[in-house]
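Note that the structure is predicted; figures quoted are calculated from it, not measured. In what follows, every heavy atom counts, from backbone to side chain, and hydrogens, waters and symmetry copies are set aside. Per chain, numbering begins at 1; letters A, B, ... match sequence-line order.
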There are 2 protein chains.
Amino acid sequence: MTEIQDKYELILSSSRKLIEEIGFSALTMDKVAQKAGIAKGTVYLYFKDKDDLLEKVLSSGFEKMFERIKIRVGNESGAFNKLKSLINENIRHIYENRYFFKTIFLDEVNVVFLKKKSKESYNLRRKRYTDYIAGIIKSGIESGEFRKDLNYSKSAYMLVSLIKTGAIYNFLNGMFDLTSEMIEKDTEEILNLFMRGISVK
Amino acid sequence: MTEIQDKYELILSSSRKLIEEIGFSALTMDKVAQKAGIAKGTVYLYFKDKDDLLEKVLSSGFEKMFERIKIRVGNESGAFNKLKSLINENIRHIYENRYFFKTIFLDEVNVVFLKKKSKESYNLRRKRYTDYIAGIIKSGIESGEFRKDLNYSKSAYMLVSLIKTGAIYNFLNGMFDLTSEMIEKDTEEILNLFMRGISVK
DNA sequence: TATTATAATGACTTAATAGTCATAATTCAA
DNA sequence: TTGAATTATGACTATTAAGTCATTATAATA
């Protein structure tokens, strides 16, 4: 019955549980020790410092996810099928660890440093924007421009996410000072993906 | 020439510049005061506390963006054209404020609390995963399954982003304990969007 | 100019928390 | 069984940074 293997794993899983409960920003080494039922000094026998502990929590989770995805995808042939399995396995992993990912995903960077009240206004602003986009998509569905089976609210989220991700991609690849043409190209790219997807017509 | 209107705006813009330079996590009230060339106490005459200041920095930026987008989109007719303008205006706004958004976007929640070294490993892991997906998409392009004009690397980022956003959407809407069928439905939804987009065939 | 009101200052207080280390408990080997 | 080696403890130190407030400077008014 869940005999704890060793202190290292105990500390890792306690930290994980704590992150699920109180989030990253509120995690302290005292709380980790308390959660694990050991002294704070002991934590430092197994992890160099707080940064090391957080890094290990994140990386162990990632490795588990990546492993299961590679196994699953390895059984498929054809890019379409591989992608389908990948998406499915990724989503499964997220939901099997949903309390953890809830914290990871919902506490966006901007929100992390805000207290409860400002967090709420932030979320309201985001909702105002996505609702606005959702309205446009809804009208497009009603006019027959867009697929009838769409969840317009969710589609709006997706669009905002694609725009953001496009910018992140450029930044990460050193594309920082875009010309006007590059902005147009980016717009077309996202619009194309959102309207027609990646498949050939 | 650039006469500072008032202290309130001075503090806001100084905070904004600081966030661009050192990021959210390193922002202190002492540094804000120093950057603005005033005493710390003065900051507290214009903002209730640090949380209030951060909230005002974020909301003023958001309001500016939302305003320009609404004006631009208001001139268009038809959902497709509206969306196209919206994407374009949103991207323009991001690039005109690129130093700010670079910090906002790149310092993801998990990364924010890590120091330099762990940050690098995090980014490497993310790259390993997107490279893996990019390889699949590349093979799909070569086999003729996917559009030849795709940037497979960027498309991989988009897919990861769509998966993440789908989960965020569910969480925000209280869909927390998904049945197996709901997971399948989610998979189909994302797959459909990524493969075919939102347009009717 | 004198007086009051308003704005600004920055040294100080307080709180939180990461990391240490002398001491104690436990395990292991001879 | 005993003493050395390993593991664990938690009170303590050091640091950082938010927020305060008595004091000073500036502006407004009479």
Engineer: So which pairs with a foot in residues 130-143 of chain A pass salt bridge (Lys or Arg N to Asp or Glu O under 4.0 Å), sequence neighbours left out?
Structural biologist: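 Listed once each, the pairs are Lys127(A)-Asp131(A), Lys138(A)-Glu142(A).
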Engineer: Encode nucleotides 6-11 of chain D as B, S and - characters from 5' to 3', where the letter depends on protein heavy atoms closer than 4.0 Å: B to the base, S only to sugar-phosphate, - to neither.
Structural biologist: --BBB-
Engineer: Taking it one step at a time, do Tyr157(A) and Asn151(A) satisfy side chain to side chain donor-acceptor pair (under 3.5 Å)?
Structural biologist: CA-CA 10 Å; Tyr157(A) 266 84; Asn151(A) 175 335; over 6 Å; no
Engineer: In whole angstroms, how far is the P atom of dT20(D) from the CE atom of Met29(B)?
Structural biologist: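 My rounded result for the distance is 10 Å.
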Engineer: Over how many whole Å does the gap from Ile22(A) atom CD1 to dT17(C) atom C1' extend?
Structural biologist: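 Going from Ile22(A) (CD1) to dT17(C) (C1'), I get 13 Å.
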Engineer: Applying a 4.0 Å non-hydrogen cut-off, can you work out what Leu27(A) is touching in the nucleic acid: base, sugar-phosphate, or nothing?
Structural biologist: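 Sugar-phosphate contact only - Leu27(A) comes under 4.0 Å of backbone atoms but never of a base.
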Engineer: Without decimals, in angstroms, what is the distance between Lys50(A) NZ and dA16(C) P?
Structural biologist: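 In whole Å, dA16(C) P and Lys50(A) NZ are 14 Å from each other.
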Engineer: Not counting sequence neighbours, list each pair that qualifies as a ring pair (Phe, Tyr, Trp, His ring centres under 6.0 Å) and has a residue in residues 25-50 of chain A.
Structural biologist: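 Only Tyr8(A)-Phe47(A) qualify under ring pair (Phe, Tyr, Trp, His ring centres under 6.0 Å).
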Engineer: How many Å lie between CD1 on Ile11(B) and P on dA7(C), as a whole number?
Structural biologist: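 Taking CD1 of Ile11(B) and P of dA7(C), I get 13 Å after rounding.
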Engineer: Round to a whole Å and report the spacing from CZ of Phe47(B) to P of dA18(D).
Structural biologist: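 Going from Phe47(B) (CZ) to dA18(D) (P), I get 15 Å.
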Engineer: Which pairs pass salt bridge (Lys or Arg N to Asp or Glu O under 4.0 Å) with one or both residues in residues 25-42 of chain A, sequence neighbours excluded?
Structural biologist: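 Non-adjacent pairs meeting salt bridge (Lys or Arg N to Asp or Glu O under 4.0 Å): Glu21(A)-Lys35(A), Asp30(A)-Lys40(A).
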Engineer: Should we count CD of Glu63(A) as having more than 12 external heavy atoms under 6.0 Å?
Structural biologist: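 Yes.
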Engineer: Would you mind listing every salt bridge (Lys or Arg N to Asp or Glu O under 4.0 Å) that reaches into residues 73-85 of chain B, with sequence neighbours excluded?
Structural biologist: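 Salt bridge (Lys or Arg N to Asp or Glu O under 4.0 Å) check on residues 73-85 of chain B returns Glu188(A)-Lys84(B).
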Engineer: Base contacts versus sugar-phosphate-only contacts with protein, heavy atoms under 4.0 Å: please encode nucleotides 22-27 of chain D as B, S and - from 5' to 3'.
Structural biologist: ------
Engineer: Got a salt bridge between Glu55(A) and Lys50(A), using NZ or NE/NH1/NH2 to carboxylate O under 4.0 Å?
Structural biologist: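 A salt bridge is absent here (no side-chain N lies under 4.0 Å from a carboxylate O).
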Engineer: Starting at CG of Asp49(B) and ending at C1' of dT20(D), how long is that distance when rounded to a whole Å?
Structural biologist: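 Taking CG of Asp49(B) and C1' of dT20(D), I get 13 Å after rounding.
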Engineer: Does atom NZ of Lys64(B) have more than 12 heavy-atom neighbours from other groups under 6.0 Å away?
Structural biologist: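 Count not over threshold, so no.
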Engineer: Taking OH from Tyr44(A) and C1' from dC12(D), how many angstroms apart are they, rounded to a whole number?
Structural biologist: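 It works out to 14 Å between those atoms.
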